[in-house]
Amino acid sequence: MKMQEIRAKAKALGINSFGKKKADLIREIQRAEGNFDCFGTARGSCDQLECCFRELCLAEPQDASP
């Protein structure tokens, strides 16, 4: 998913995306949608099946910061 698409999704949820890093913005969207704000922290598996960022998260290099 491109940053432009992520920003559009944030805007639709009433989230200001200005100056936010991709991972931080996605985590804010996850919270707004009622999911855990865990983007980028999965270690090869994810039980958040309804999260629209699930596939992207599993494909991204993982970091340790939630």
Side-chain angles (χ1 to χ4, degrees):
M1 184 177 285
K2 295 181 181 181
M3 191 63 175
Q4 183 178 2
E5 295 170 297
I6 296 167
R7 284 189 182 115
K9 187 163 195 57
K11 184 176 181 179
L13 291 168
I15 298 169
N16 181 0
S17 64
F18 182 78
K20 294 182 182 170
K21 294 179 182 178
K22 178 181 178 180
D24 294 335
L25 183 56
I26 289 174
R27 290 179 188 130
E28 194 168 342
I29 293 169
Q30 286 177 313
R31 285 190 300 272
E33 291 184 331
N35 293 304
F36 293 113
D37 57 345
C38 54
F39 181 80
T41 62
R43 300 290 186 257
S45 66
C46 175
D47 64 354
Q48 299 298 301
L49 302 177
E50 298 299 317
C51 179
C52 65
F53 299 106
R54 186 174 185 273
E55 288 183 32
L56 177 63
C57 180
L58 292 173
E60 289 273 317
Q62 305 304 302
D63 68 29
S65 61

Legend entry - Ala8: partners by side-chain contact (heavy atoms from CB on, under 4.5 Å), with sequence neighbours left out: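 So Ala8 forms no side-chain contact (heavy atoms from CB on, under 4.5 Å) with any residue.
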Legend entry - Basic-acidic side-chain contact under 4.0 Å: Asp24, Lys21: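 Judged by the 4.0 Å cut-off on N to carboxylate O distance, Asp24 and Lys21 do not form a salt bridge.
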Legend entry - Check: Phe36 and Gln30 side chains under 4.5 Å, non-hydrogen atoms: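 No, too far: nothing below the 4.5 Å cut-off.
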Legend entry - Interatomic spacing from CD1 in Ile29 to CG in Leu13 - rounded to 0.5 Å: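 Result: 6.5 Å between the selected atoms.
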Legend entry - Nearest-0.5 Å distance, CZ of residue Arg7 to NZ of residue Lys22: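 One gets 11.0 Å once the value is rounded to the nearest 0.5 Å.
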Inset, instruction - Sort and list the pairs that fulfil salt bridge (Lys or Arg N to Asp or Glu O under 4.0 Å) and have at least one residue in residues 8-20, not counting sequence neighbours. - result: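 Sorted pair list: Lys9-Glu33, Lys20-Glu28.
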For residues 44-58, dump all side-chain donor-acceptor pairs below 3.5 Å to protein atoms at least two apart in sequence or in another chain.
| from | atom 1 | to | atom 2 | distance (Å) |
| --- | --- | --- | --- | --- |
| Arg54 | NE | Cys46 | O | 3.2 |
| Arg54 | NH2 | Cys46 | O | 2.8 |

Legend entry - Closest non-hydrogen atom pair, Leu25 against Ser17: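 Closest pair (atom of Leu25, atom of Ser17, distance): CD2-CB, 3.6 Å.
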